Amino acid sequence: MYPTVSEAIALPVVRRGRPRVVAGSAGLGNRVRWAHVAEVADIAHLLRGGELVLTTGIALPDDPAGLARYVDDLVGVGAAGLVVELVRRWPDRLPSALVQAAERRGLPLVTLSAETRFVSVTEAVIELVMDRQVAELRAAEQVHEIFTALTVSGAEPTDILHEVARLAGLPVVLETLTHHVLAYDTAGVDPAGLLLDWEARSRSVTPDGRTAYDPGAGWLVTVVGARGDDWGRLVLVSPDEPPHRHVVVAERAASALALHRLVARDRDTLERQTHRALLSELLAPGTPSGELPMRANALGIPLEDRQLVGVAIQPCSTVPTSAAAALATQEVLRDLAEVTASAARRARIPALVGVVDDSSVRALLSLPRRMNVSQVLDQVAQEVHRLAAGTPRASRVVVAVGTTAASLSDARRSLGEAAHVANAALRSPGSKTYHRLDDVRLRGVLHLLRDDERLSAFVHRELGPLLAREDNQATRLIEALRAFCEHGGNKSSAAAAVHLSRTAYYQQLERIEQLLGVSLDDPESTLSLHVALLASDVITTNQHR
């Protein structure tokens, strides 16, 4: 907010006195809060810090010790600099003791070789200070308006960080209190350099107060939170000590982020949003970007030189058929995402966890190379079931896993397999803690082929006359056929399953044989019809999703 000593001595009224810096040039960046004329040696106790002291030296001590003490006293109270007019006391040059003391203490010492009206100097310096203060107030007001508009418009954290980077021209990072990166804006710098070894670097920066600058790290850090619930830190990477307006930008951005979290607390947490973005990028067609492993690593989830296992967690509930039901399903999935993330944390396994579609939670577990995958999956799956049981909206779930992968491209396949297995396992979840492709067998294969037109053609060839009917009788015939297939051709057991008398059930089977032109006594025909029924279920479920 305040001008520097360099800027003060560059004012025209000072330049007319022919100023020359004779010592303490390292302190020319000191901030000048005021200009004060002082012709007595014991002036220090009357100062408050930040003053540019103006003197003719007429009352300063003669002895070297006294001159050194005078400088020490000024530095002790935080004076910004000392300007001495060389017209009266010392016409040619200042005493060496004064110069040496100023150089030793880093106090800017400036001489004026021409007579100068100090009152004009003080007026000019104070006017410069006031101009800077007004400019800072206007800038703060503009920053306030910008972030208020962002808050009112419901801007996401990434939008807020982008605005911080634009206003400050510096990289900005939002991290958790455990030093995992949630979001960032590089402001044009290389993201690899920005996020390299982030967690270790961040742990070493512990500034005092809610907002502070760490000159060693070159970080301006402000705490993010509201109502006594702090949940993150906003870091502005500034190699030089930031001006006051950057502090204002950081603090207003932190307030906007805290308010966003309060307003959106019934939606995904920011952590889940960040994980979802990475999972969506990983699942998208094409090669994952080179930044993806780096961004995941900054979240505390290494993806390179690891065993990667895709997991899908799906609630045992019906497919939503209305907007209200779809909304309720999303709420269930958000609960399950938090449950899954908590289960992974309890197992001490890094994991990306997020809701990337309308039916399941996806997770990518990252295990060390030599860790036993089966043991970890047992532990995580059991914890998911235990935590889900305590969640009213998603008490029963299916946990499915893909094959273990060693690269990001294979991790995409593992995540896809997990989703297919989960969909297949929903028809007969059983008592398994988690399901693999081997467990769902034929259903798993059919789910892998569910988008293949040849599978649809097979279903219509086998069941076409039944599927074409739109009356209640068609539904009853399909259920009768399903019961027959599921009970291995045992007509008595099948009749009991559909709650019909044997006579009525046998009549339905005869009607099915007439419509389809097959004999249910033929094992191959029965097997083909059973596969067609399973495939029809898979295709219908996929269309509803």
Side-chain angles (χ1 to χ4, degrees), residues 1-122 124-126 128-129 132 213-216 218 238-244:
M1 181 181 297
Y2 298 109
T4 63
V5 173
S6 276
E7 291 171 325
I9 63 177
L11 290 168
V13 67
V14 181
R15 298 299 299 171
R16 286 196 289 270
R18 299 196 293 275
R20 186 168 72 92
V21 179
V22 296
S25 58
L28 289 173
N30 292 348
R31 297 292 172 176
V32 177
R33 184 184 59 81
W34 203 255
H36 190 81
V37 180
E39 294 293 3
V40 293
D42 60 343
I43 188 62
H45 71 284
L46 299 175
L47 303 180
R48 296 170 53 192
E51 291 89 355
L52 182 64
V53 177
L54 310 174
T55 182
T56 63
I58 197 71
L60 295 186
D62 293 320
D63 60 298
L67 291 172
R69 186 167 53 253
Y70 173 70
V71 170
D72 290 341
D73 289 345
L74 291 179
V75 173
V77 296
L82 176 62
V83 177
V84 182
E85 184 190 84
L86 294 179
V87 177
R88 292 170 175 79
R89 178 71 183 277
W90 297 295
D92 299 323
R93 65 177 64 87
L94 296 178
S96 60
L98 184 61
V99 175
Q100 291 170 5
E103 184 65 30
R104 184 180 70 254
R105 299 302 304 272
L107 178 70
L109 179 56
V110 181
T111 61
L112 299 175
S113 58
E115 187 176 37
T116 303
R117 295 183 62 183
F118 282 171
V119 66
S120 299
V121 174
T122 57
V125 170
I126 292 169
L128 180 60
V129 169
R132 291 294 178 84
Y213 178 68
D214 187 311
S238 177
D240 301 320
E241 184 169 355
H244 179 70

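Both backbone and side-chain heavy atoms feed into the values below; hydrogens, waters and symmetry mates do not. Everything numeric in this text was worked out from a predicted model, so none of it was measured.
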Side chains of Glu39 and Thr56 in contact at under 4.5 Å (non-hydrogen atoms):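 Yes, side chains in contact.
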
Ion pair [X]/[Y], N-O distance below 4.0 Å:
{"X": "Glu85", "Y": "Arg88", "result": "yes"}
{"X": "Glu7", "Y": "Arg132", "result": "yes"}
{"X": "Arg104", "Y": "Asp72", "result": "yes"}

Worked verdict on Asp42 versus Arg69 for salt bridge (charged side-chain N to carboxylate O under 4.0 Å, His left out): CA-CA 10 Å; Asp42 60 343; Arg69 186 167 53 253; over 6 Å; no

Test log, rule side chain to side chain contact (heavy atoms under 4.5 Å, CB included), inputs Val129 and Tyr2: CA-CA 6 Å; Val129 169; Tyr2 298 109; 3.7 Å; yes

How far does [atom1] of [X] sit from [atom2] of [Y], to the nearest 0.5 angstrom?
{"X": "Asp240", "Y": "Tyr213", "atom1": "CG", "atom2": "OH", "result": "6.5 Å"}
{"X": "Leu60", "Y": "Thr55", "atom1": "CG", "atom2": "OG1", "result": "5.0 Å"}
{"X": "Asn30", "Y": "Thr4", "atom1": "CG", "atom2": "OG1", "result": "9.0 Å"}
{"X": "Arg15", "Y": "Thr116", "atom1": "CZ", "atom2": "OG1", "result": "11.5 Å"}
{"X": "Thr122", "Y": "Trp34", "atom1": "OG1", "atom2": "CH2", "result": "8.5 Å"}
{"X": "Glu103", "Y": "Leu109", "atom1": "CD", "atom2": "CG", "result": "9.5 Å"}

Heavy-atom neighbours of Trp90 CH2 exceed 12 at 6.0 Å: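 Buried by this count: over 12 neighbours within 6.0 Å.
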
Identified side-chain contact (heavy atoms from CB on, under 4.5 Å) partner of His36 from the options Leu46, Ile43, Leu52: Ile43

